[in-house]
Structure formats: C-alpha cells, structure tokens
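Okay, structure first, notes after.
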Amino acid sequence: MEEDRKARINRLKWHCRRSLLELDLAFDRFWQRHEDDLDVQGEAALERLLELQDHDLWALVIGREVTGDQQLIAIIARLQEV
Amino acid sequence: MTYTVRKFDAVIVGAGGAGLRAAIQLSEAGFKTAVLTKVFPTRSHTVAAQGGVAASLGNSEEDHWHWHMYDTVKGSDWLGDQDAIEFMCRKANEVVVELEHYGMPFDRLDNGKIYQRPFGGHMSNFGEKPVRRSCAAADRTGHAMLHAMYQRNIKVNTQFFVEWQALDLVRDAEGDVLGVTAMDMETGEIVVFHAKATIFATGGSGRIYYSSTNAFINTGDGLGMAARAGIPLEDMEFWQFHPTGVAGAGVLITEGVRGEGGILRNSAGERFMERYAPNAKDLASRDVVSRAMTTEINEGRGCGPNGDYVLLDITHLPPETIMKRLPGIHEIGIQFAGVDCLKEPLPVVPTCHYQMGGIPTNYLGQVVVPKDGNQSTPVAGFYAAGECACASVHGANRLGTNSLLDLLVFGKSAGETAVADLKASVKAHKPLPQESIDRTLARLDRLNHQKDGADVHQTRLSMQRTMQKHAGVFRFKGMLAEGVERMAEIAEQVAQTQIKDKSQVFNTARIEALELDNLIEVAKATIVSANARTESRGAHVRDDATDTPQTPDGRDDKNWLKHTLWYREGDRLDYKPVQMKPMSVETIELKKRAY
C-alpha cells in the first residue's frame, strides 16, 4: 500500500511539471508543505486540477478566475499559501 | 539490464512547437513517425511565448521580408548566418498562413486579415521606423499554436510517446545517427527507437542558471545527448537575459512596470540608473539596465542579506494604476517574493531567458559538423530545430517574436529534409551499434549502483549558482576563468550523483539525475566558450572588451566574427566562419549595432 502511494505521488509530482515557471514554483512549494498530508481525496482533486490548461490553472492560482468545485477550491487554497 | 527495440521511419524528440511542426511534415508524407516527449505536448514551454510570431505579411502597412532580414542580421550583431536568416524571413508568410489553415485563432483586423502589432527591433525600410509585423493570438500565441499543431498531428496519425525521457543518441562507427535510447517513465522500461531519421526539438536549457524564466522541463536534454555523442555545440556563450526577474524565483516582471514609472534602487535607496543612463534612466535598453544592476550588486550595493539583488520600486504609483495597467504583478509579488508591491519594492535580478546557441544546423535543419576540411558536413540521419538548434538565425542576440518563427520555419524545414532523405534512402534500417546502446545502459547502471555519491539537488544548485555568478549577463575575465575551473569540479560531482529511490514507476529522482547529466554539458559549453571569446557581441558582454574605433562597444570583427564550436571531449574549442552571403540578395555589411 505504501509502495502504491509512493508511485501515485511520484506520478502526480511529474504531472506538476508544467509549461509555465510560475506553476512549477507553486507546485514545488505545495509538495514541500503538503506531501505528507495529502489524502486520497486530495490526490483525486489534484489529478483533476492538473488536467486543466496551464493558463487557466494559473488564473485560478492567482484568483483571477474562480471555480465552484469545492474539492478544487481546497487544493487551490493550498497552492495559494505563501 | 534489458531493453527492447522499436522501429520507426522517424523519431522526433520533443513535442513543443518545433517538434510538432516537423512531425506534421513526416506524418503527412506517410512516414511512420514517433514523437517522444517528457510532458504532454500542450504543456511544452512554447506555451509561455506570448509576444507573437514575426512575418512580413504587410496586413496593416507596407512590409518586406528583406526588411525583416535586415533587422534580424542587425539584432544578431552580425553573428547570424545570412543564408539561414534570408531563408527564415522569406518563409515566414508561408508558415504563418499554414498555421492559420491548421486552425490557429490569430487576432484579426476588421477586414478579416491577421492583425499585426509592432515589436522591439522590427522596423520598416532597413531600420527606418517601427513596423507592425507580429501576429498573435491574444496573450496566448504559443499555447494556441501548440494546440493547432497537436490537433493536426492527431489527424495525420503521428504516434506520441508521452512521458518518455530520451537518454542518448544512437550513433554508429561511421557517425550516422540511427535513433535514440529512451525510458518510459511509467514503467522504467528502456527502449531503443531505431529510426532512419532522428530530429531533436528539445527546446532550451535555461535551467543551467540560478535565476531563469524557463520552466523546470528546460534542461537541455537534446544538447546533452548530442554532446555525449561527439557533436559540438555552437555559440553557447550567447544567452539572452531579461533585467527584471523576481530574485530567487526567476518569474518575469514585464518591462511595462518600468514603462509605468517603476524605479530601480540599490541598498542605499538610490535611483542608480541616473548614473548609468542619465536620459533614459530606468527605461534604457535591456542590456544597459542588466549591466547596471550587475555592477551595483558586484560593487556591494545590492540588497537583502546576501546583497544579491536590487529593488524595483512602484510604491509611489497609485494602487489603481498598478492593478489596472499591470495585471498580475501584484499577485506575482505576493506569490514569489512575499512582497505586497503596493507597499514595498520588489527584489529583482537579471534573469536568463533564451538560448541563442545550440546544436549546429544549416537552414535545411540538418545537423552539420566539421569533417574532412568541410566546416558544415551534414550528419547522416540527424536533424534539429527550435531553441535546441543553432541555424544560426539569432546569432549573438534574438529579436522578440523571431523564436516562434524559428521553430515553425526550421521545424518544417527539418521535417521536409528528413522526408526527402527518407524517400532517397535504401529501404532497410542500418544495423544498430551495440556499443552505442551499451553506453546508455552503463550510465543507468552507474546511477543505480552509485554509493557515497553527490546529492542531485545540491550539485544542480552549485552549477546554477556558479553560472549565475561567473557567466551571468555581465562578464569579467577573472570570474570567467575561475568559473571554468569550478565547473570542471562540479562536472566531476555530476558524474558521481547518487539517488536513494531505485523504484521503476515515475521515479522523479532518477529523471532529475539524468536531466542534470544534460544540464552540466550545457553549463560547461557556455562557460568555456564565454571565457574564450574575448570580445563583447550581442548578449555576450565582457568588462575587459574595450570600446575603440576598431572595436566599437567591444565588438572585435577582425578576430571574432566567427562561430564557436565546443566539443565535450577535453572541452575543446573550434571555430567556423559566419555565413555572410545570403541566398539571393546582397550581403548586409557590417556596421555598429545602434538603435
């Protein structure tokens, strides 16, 4: 199980490699702070967030756009922590 | 260690603009084409390009490819090859119109034609006045371009291998390129992509610097692979810097901030640009501002605990102006500097942005090397395009909006040349050279079994800080020489990196170690080439290159009007002449570059 989680987290981490430096930095900070407390629901929400196009994703991170999706809101809030 | 072999007509490494454009050419011609990419194609760094793509369509006012060519040669500080520059500028309209047919949503004029806007350095009538030449899709030009070309590739059956890390070139005893070795990140499986044509479109390598606007994926994988296979890297001393990246992060602060009244200050709070550029002050050109900032930092007037940045102050501007005219700047300050720029100044440093050098190519997209007395002999089966390649159209300095044009024109050209070569070639693949494959396996084996080795993150950081300090935007003789020695020591550590995680599935630690193997080649090439070039030209500016009538602004055409070629083996340098003869028009003669 622990081995499975490690593989899942590694895959998510790689999917956080984006086309824009701004997002790379925001995700880097996210992993440093939240790798240990990311639960299965959080993983699923992050996976959905990572399906977005990078410009749209960045607009959500800086609050220029908003979403009504509660699970995404929770992940975005963690990405916004400075 | 085991591996499997898969055969294709062509393998393309990289799915940014250049790779996607090349793939269209090959797949449309019916060749079995594989595109290998570390990340999903539409997450390539081409997405970050906002400015537009240059083409002398003349939709808003008179324009001509010859004027565009003149601007590009001048911008390159005469280091660009004039045949390749003519080729690119003449092809611009064709590739832009093709892109439109692929579905690119260009901004339009009321009459339906593509809207064009002015951009720095692009002029009409041989440098007379600014011209509208840049074609854009809002501020998402690169993003829209990738989407249009990705969709086209799906239609023509290009086969994508997403989340694959290319490892090494496969090159036989005759020097022919026969494909690449690669790793599937999902499983750790090693595959030899055996191909008759191999095209590199791996983008830039800006992560060699501590402060870089480049995304994390820009690790110079193509350059590292080429260098390890004995291919030289051309003009690697030339890197374009942007004066205002957020210190410690690299995120770009647009020039518009100074345009709106932003002021650069040193640790004493002094508006230091008044000393360096009494008239233009903070609005002086990028290189002047970057050099002034570096001088302030080097002379002990930098800010912060390490005195390693200066401040960009907009606190005197009305908050509503900042929020309305400079959208995103407030958020960038908060996110990456921890600073509310309405109340406090932003920490900034000159930041690496674009790589002018790369794998040497001609305008056909063929990789060319000196061989048997010919300076530019094509390497059979090997092509390159985009930021990883050096055609050379940007020479010592790139003009804005010419990078997207470069990847369209030379991506297409490399694809076309590969198609022609495939049609002319014998049917069978050449046999795979075992030795070449074994080198990859040995490299992976070393990494898996290294004990008491160097930490990847720390070693990468040492490399990045050394590059920033010793070969930054403003260069000093003693610092460069010291940097060369320091980089050789760091390279020894890179050869002994160690990873704790040995797992197979998405092992990001292994990928980062392999990326560092590529970055270090680019860093060595840059610092060794910069140390040797004792003039100032374009983006390579040395403190000891003096301004004399024979060497205006330190540019020494008598001794240095030539391309650098760096070879990995022994850090050897060679040089080749600049192609001053265009394809059809007269040579654009040397003169001082002044705007």
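Just so it is clear, the values below take in all heavy atoms, side chains as well, and ignore hydrogens, waters and symmetry mates. Labels below follow one simple rule: chain letters A, B, ... track the order of the sequence lines, proteins then strands, and each chain is numbered from 1.
Residues of residues 182-189 of chain B lying within less than 4.5 angstrom of chain A, judged on heavy atoms, are Met185(B), Glu186(B) in numerical order. Proximity to chain B at a heavy-atom threshold of 4.5 Å picks out Glu22(A), Asp24(A), Leu25(A), Ala26(A), Asp28(A), Arg29(A) from residues 22-38 of chain A, in numerical order.
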Checklist entry - Please walk me through it: do Arg11(A) and Glu163(B) pass side chain to side chain contact (heavy atoms under 4.5 Å, CB included)? => result CA-CA 10 Å; Arg11(A) 180 199 309 268; Glu163(B) 293 167 345; 5.8 Å; no

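Neither the backbone nor the side chain of Thr46(B) comes within contact range of chain A; no heavy atom of the residue lies under 4.5 Å from a heavy atom of that chain. Residue Leu57(A) does not touch chain B at all, counting heavy-atom pairs closer than 4.5 Å. Of the two parts of His45(B), the backbone and the side chain both hold a non-hydrogen atom closer than 4.5 Å to a non-hydrogen atom of chain A. Leu50(A) touches chain B through its backbone: at least one of N, CA, C or O sits under 4.5 Å from a heavy atom, while the side chain does not. Only the side chain of His147(B) comes within contact range of chain A, with heavy atoms under 4.5 Å apart.
Ion pair Lys13(A)/Glu512(B) not flagged as a salt bridge, since none of the NZ, NE, NH1 or NH2 atoms sits closer than 4.0 Å to an Asp/Glu carboxylate oxygen.
Side chains of Asp501(B) and Lys6(A) form a contact here, defined as non-hydrogen atoms less than 4.5 Å apart. In this structure, Arg207(B) and Leu21(A) have side chains that are in contact, with non-hydrogen atoms separated by less than 4.5 Å.
The aromatic rings of Trp58(A) and Phe336(B) sit parallel to each other, their planes meeting at less than 30°, with 60° as the upper class boundary.
With chain A as partner, the option from Val251(B), Asn507(B), Ile332(B) having the largest number of non-hydrogen pairs under 4.5 angstrom is Val251(B). By number of non-hydrogen pairs under 4.5 angstrom with chain B, the leading residue of His15(A), Arg64(A), Gln80(A) is His15(A). Contact count versus chain A (heavy atoms, under 4.5 Å) is highest, among Ala48(B), Ala249(B), Gly338(B), for Ala249(B). Interface check for chain B: of the options Asn10(A), Ile9(A), Ile62(A), the most heavy-atom pairs under 4.5 Å are formed by Asn10(A).
Between atom CG of residue Leu12(A) and atom OG1 of residue Thr508(B) there is a gap of 11.0 Å, rounded to the nearest 0.5 Å. A distance of 6.5 Å separates CG in Asp54(A) from CZ in Arg43(B), rounded to the nearest 0.5 Å. For the atom pair OG (Ser19(A)) and CG (Leu146(B)), the distance works out to 8.5 Å, reported to the nearest 0.5 Å. Remark: His55(A) NE2 to Gln50(B) CD distance equals 6.0 Å, nearest 0.5 Å. Taken from CD in Glu81(A) to CD in Gln335(B), the straight-line distance is 10.0 Å, to the nearest 0.5 Å.
Crowding of Arg325(B) atom CZ: a count of heavy atoms from other residues, nucleotides or ligands under 6.0 Å not exceeding 12.
When all heavy atoms of Trp14(A) and Lys38(B) are compared, the closest pair comes out as NE1-O, 2.9 Å.
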